[in-house]
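Report on one structure; see the data block that follows.
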2 protein chains.
Amino acid sequence: MTTIDEVAQLAGVSPATVSKVLNNRPYVSAEKRALIERVIAETGFVPSQRARGLSKRRSYIFGMLIPYTSNQLFADPHLLECIRGIEDVANTHDYNMLLSTARAPAEAASACVRLLRSDVIDGAIVLETIDLQPFTEVLQQHDAPMVAIGYAQGTALHAIHADDYGGALSAMHYLLSLGHRRIGIVSSVLRPFALEERLRGVRVALEARGLCLNEQLIALGDFSSISGEAAGRALLAQPEPPTAIFALNDRMAIGVMRAARELNISIPEQLSVIGFDDIPTASMATPPLTTVRQPGFALGDTAANVLFALLDGSMPPPAAVIPTELIVRGTTAPPLH
Amino acid sequence: MTTIDEVAQLAGVSPATVSKVLNNRPYVSAEKRALIERVIAETGFVPSQRARGLSKRRSYIFGMLIPYTSNQLFADPHLLECIRGIEDVANTHDYNMLLSTARAPAEAASACVRLLRSDVIDGAIVLETIDLQPFTEVLQQHDAPMVAIGYAQGTALHAIHADDYGGALSAMHYLLSLGHRRIGIVSSVLRPFALEERLRGVRVALEARGLCLNEQLIALGDFSSISGEAAGRALLAQPEPPTAIFALNDRMAIGVMRAARELNISIPEQLSVIGFDDIPTASMATPPLTTVRQPGFALGDTAANVLFALLDGSMPPPAAVIPTELIVRGTTAPPLH
DNA sequence: CTGAAAGCGCTTACAG
DNA sequence: CTGAAAGCGCTTACAG
């Protein structure tokens, strides 16, 4: 491996001068700069990050922390988009991503502390799959730049999340404007904060019409399509079944569609269905699923930008909300009368 | 942040001695060792990896390279298991995992070169989503430890893969032993080498019975369940439909099951179905899917062990094959006569 | 504009 | 068993 000293020797200059062109700083004569650049190109020299990091007190690596208590969440195609968004920004900043997938939140937090203390990472993005409370201590001990993708309630983490509330609100507004009044909701037993927000959107939309959320019309799943199918069957088996079902994620919505098909209930004529997320499968379903799009890429992109702002010492806004969007496709129509 | 010098000062010894206990090496008196250990515990000192790496010429980080040309593959729950297997071993060796997800294989390879040259990683595990050819050059330039999860045909990479051939063979043996003779195959347009191997298993099993692979009974999908559904419909709509269908991955097998249900063909009475992978959804389907289990965790675990063997300078076996296993569940039965 | 020197925080022979 | 010294490969003031 070529070192900066070798490059300096070949170019007949001091390593300090080479360092200047490496970090493109001024005060280097045009000729020397050109010469050095040629030598660098010829030798294919790339500065050693660990040596560089030792003097700059940076590792140029950040951690991506994913406490994967639930495989379900990791299986979400949404996450991939999010990671892509993060990576894109990271590349721009010449940063690399360390992946750490601890089991429990406490483990994740202590792993994070180790990574920070041992200078392996300069900061971290934490995916809120569950409780982020343990990370509060991490932040107190180290004032390391950290941002959460999620709500990060009760922590001092910078939080980035999608507009779950607004998305649910517009989905319900749409169903109500189509004329639906008996709207079934497929919620979940596990209630991450994002889900609470979606439920809040549901309630507010109903209240705006003087309606309230009928407990009878709520069925519980676990985010999987199988559980959505069971929930759909339960809702549709009622004496007075809903004319529309809003499933709080796409996989469950797809399960609802399967339940309807088995019961020979046609969509959207006899039943409207709306999901949440806009996973790739949503647009490929028959009929294509009307859903609330959650922009995974934008989430990752924004989170990464906040992280790098913190790393640069600038102070980003404390919380960012990424807009969601209702995508009307083929599973929604006015109710039969 | 505490440094080794501070610890040394507090313990009244030289940094060299602290270094010895840090790397638990001999020639330190019991009392000094105890004293130093106490100081370390009190201060919560953790040695800086970048400083350590600078003298040891190691980063204690390896790359996990995922050229994600196809989202489909990344969406595979299988991959998560694999990563878990890798991480488990990495933790044991005090190594961390850098995640790099380039778009094209050539990009992935050049990203890998940069990471290697800049001392960011000591080696890498490459996921074979597509062509690994570009990595051959990487290996030639740097003799860095690299292992591929896949077949890595025509490269010098150490390759780890599941026994796709054997798995397909046993699935077909099983169907044939049940008495099936018209067996439909759901293959794919895209044909990674793993799929070729599964097809080879299919052919060999048939030939052993004096049968051959009837082109009429092959339908093509793209690994998704939607495509499996279409493929299933196509196969079952034939004048003389198959009595069993072997889908070359689970998601397509689940699609086949949906197609059968819509056509009112009961499983396993009128149609047997076998998948490949054993993703979580497989056992939750109704009826639960008979499939060939591909042990993701073992794949990751083995790949990581090979990588660390290479890093330690020992020479691991050039290729490892992870056994697959036929899991008989509820979708297979003898054909009606 | 240029370079000598010190320093980042460890480890590794080498004397003692 | 113990520690002084040099070195890993960069960067950063500081003189010139």
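Just so it is clear: chains get the letters A, B, ... in the order the sequence lines come, proteins before strands, and each one is counted from 1.
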message: Using OP1 and OP2 only, check whether a side-chain N or O of Arg57(B) sits under 4.0 Å from dG9(D).
response: yes
- prompt: Rounded to the Å, how far apart are Arg25(A) CZ and dC14(D) P?
  reply: 14 Å
message: Looking at every heavy atom in both Ala8(B) and Ser14(B), which two are closest together, and how far apart are they?
response: CB-C, 3.7 Å
query: Just how far, in rounded Å, is P of dG7(C) from CD1 of Ile4(B)?
result: 18 Å
- request: Measure from CG on Asp5(B) to P on dC8(C) and round the result to the nearest Å.
  value: 9 Å
message: When you measure from the side-chain N and O atoms of Lys32(B) to the phosphate of dT2(D), is any distance below 4.0 Å, counting only OP1 and OP2?
response: yes
message: Could you check whether Arg84(A) pairs with Glu81(A) (Lys NZ or Arg NE/NH1/NH2 to Asp/Glu carboxylate O, under 4.0 Å)?
response: yes
Lys20(B) NZ to dC14(C) P, straight-line distance once rounded to whole Å: 14 Å
task: Starting from P on dC1(D), measure out to CD on Glu31(B) and report it in whole angstrom.
output: 11 Å
query: Between Thr3(B) and dC8(C), does any side-chain N or O lie under 4.0 Å from OP1 or OP2?
result: no
field: Between dC10(D) (P) and Arg117(B) (CZ): distance, integer Å
entry: 12 Å
task: Rounded off to whole Å, could you give me the OH-to-P distance for the Tyr60(A) and dC10(D) pair?
output: 13 Å
query: Base, sugar-phosphate, or nothing for Asp119(A), non-hydrogen atoms under 4.0 angstrom?
result: nothing
- request: Fit a plane to each ring of Phe62(A) and Tyr95(A), take the angle between them on a 0 to 90° scale, and name the class: parallel (under 30°), tilted (30 to 60°) or perpendicular (over 60°).
  value: tilted
- prompt: For Thr324(B) and Ala162(B), which heavy atoms make the closest approach, and how far apart are they?
  reply: CG2-CB, 3.9 Å
field: Gap between atoms CD and C1', on Gln9(A) and dG9(D) respectively (whole Å)
entry: 14 Å
statement: The correct list of stems in which DNA chain D takes part (3 or more consecutive Watson-Crick or G-U pairs, distances under 3.5 Å) is C:1-3 with D:14-16, C:5-12 with D:5-12, C:14-16 with D:1-3
- prompt: Just wondering, are more than 12 heavy atoms of other shown residues or ligands nearer than 6.0 Å to CD in Gln133(A)?
  reply: yes
Side chain to side chain donor-acceptor pair (under 3.5 Å) assessment of Arg50(B) paired with Tyr60(A): CA-CA 11 Å; Arg50(B) 57 180 166 243; Tyr60(A) 300 96; over 6 Å; no
query: Nearest to the side chain of Val13(B) - dG3(D), dT11(C), dC1(D)?
result: dG3(D)
- prompt: Is the shortest side-chain N/O distance from Lys56(A) to OP1 or OP2 of dT12(D) below 4.0 Å?
  reply: yes
- request: Please report the closest heavy-atom contact between Met146(A) and Cys112(A), naming both atoms and the distance.
  value: SD-SG, 3.9 Å
query: For Tyr151(A) and Ala194(A), which heavy atoms make the closest approach, and how far apart are they?
result: CE1-CA, 3.6 Å
query: Which pair of heavy atoms, one from Leu307(A) and one from Pro145(A), lies closest together, and at what distance?
result: CD1-O, 3.6 Å
field: Residue Ala16(B), side-chain atoms from C-beta onward, closest of dG3(C), dT2(C), dG3(D)
entry: dG3(D)
- request: Could you check which residues of residues 33-55 of chain B get a heavy atom under 4.0 Å from DNA chain D? Sort them by number, please.
  value: Leu54(B), Ser55(B)
query: Can you name the closest pair of heavy atoms from Ile121(A) and Gly63(A) and give their distance?
result: CG2-N, 3.7 Å
